[in-house]
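Reading through the structure tokens given below for one structure.
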Amino acid sequence: MLIATWNVNSVRARMERVLEFLEVHRPDALLLQETKVAQDQFPYLELAAAGYQAVDHSTGRWAGVAILVPDDVEVTDPVRGLAGEPLPAEARWVEATVRGLRLVSVYVPNGRSLADPSFPDKLRFLDAMRDRVATLAAAGPFLLGGDLNIAPTDADVWDPRRFVGTTHTSPHERARLQAVLDAGVVDVHRHVVEEPGFTWWDYRAGAFHRGLGMRIDLFLATPDVAERARRCGIDRDFRKGPKPSDHAPLLVAI
DNA sequence: ATGGTCGGTATCCGA
């Protein structure tokens, strides 16, 4: 089973690259973040023409998440939204079961800066995520993928000194991520690959070509699923070429 | 020479 997670920074602006990705990899599930689309604008027809159905959680111009699955595969028990999240209208969490595996696509709030009013909302979202992960981990095997907007360790940013006093690396966020892990999941990419590399690079300043990135897109899975992961890595080709997202897709073969 | 970018029914704000 091949599963991918990708923050596409607008599914409509990225449609050509999304279709290219589906054609190249034919994943059994593609977890999308930042679809940035209202539900009545979601590109169901174009995806259907490529052989994929979508379970999406879409509420407007920002955020938005989805799970794409081949047409001939059954998708059951969709859940849209996360119990206890501070701003449910932002559409940052969607779940569905595919081939007996519970899947989650999540887009954790950015937080902007440590002093911004939205930063406490990021921490509250992570608290709600910990509670839901504990429930899911107790219920059976599952795999969560998404943009966590946290670099788990200093090795996951291009220059940790540049991030002192900023979001994505703060002790507050890392403590919350550790609490999520303690709820019963493993960082799959890190589990499989010794030096996982980055998943995001700023559009500005030639950051990608200069290697100035971060690893903020993660797969978190119950240990049984993590042990079954044979390969895990990013496809850098999708950070190159025409109209790339600022994130590269992360894939895992189970 | 310390800039440089995208996407959003936008002309600033969010990432």
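A note on names: the letters A, B, ... follow the listed sequences, proteins ahead of strands, and every chain is numbered from 1. Since this is a predicted model, take the numbers as computed values, not measurements.
- No salt bridge links A:Arg176 with A:Glu173; every basic N to acidic carboxylate O contact stays at or beyond 4.0 Å.
- With A:Tyr107 as the aromatic partner, A:Arg92 meets the cation-pi criteria of under 6.0 angstrom to the ring centre and within 45 degrees of the ring axis.
- Taking the P atom of each, B:dC6 and B:dA1 are spaced 26 Å apart, rounded to whole Å.
- Rounded to an integer number of Å, the gap from A:Phe119 CZ to B:dG14 C1' is 17 Å.
- Counting non-hydrogen atoms under 4.0 angstrom, A:Phe208 reaches nothing in the nucleic acid.
- Between the C1' atoms of B:dG14 and B:dT9, the separation comes to 16 Å (whole Å).
- Here the separation of B:dT5 from B:dA10, taken at their C1' atoms, is 15 Å to the nearest Å.
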* Structure fact -> Heavy-atom contacts, protein to nucleotides 3-12 of chain B, under 4.0 Å, summarised as B (base), S (sugar-phosphate only) or - (none) per nt, yield -BBSBBSS--
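- Summarising the local packing, CD of A:Gln178 is surrounded by more than 12 heavy atoms from other residues, nucleotides or ligands at distances under 6.0 Å.
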What pairs of donor and acceptor atoms, side-chain ones from residues 226-234 of chain A against any protein atom, are under 3.5 angstrom apart with sequence neighbours left out?
residue	atom	partner	partner atom	Å
A:Glu227	OE2	A:His191	NE2	3.1
A:Arg230	NH1	A:Glu227	O	3.4

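- Ring centroid separation for the pair A:Phe21 and A:Trp6 comes in under the 6.0 Å cut-off.
- A:Asp121 has a carboxylate O that lies under 4.0 Å from a charged side-chain N of A:Arg124, or vice versa, which qualifies the two as a salt bridge.
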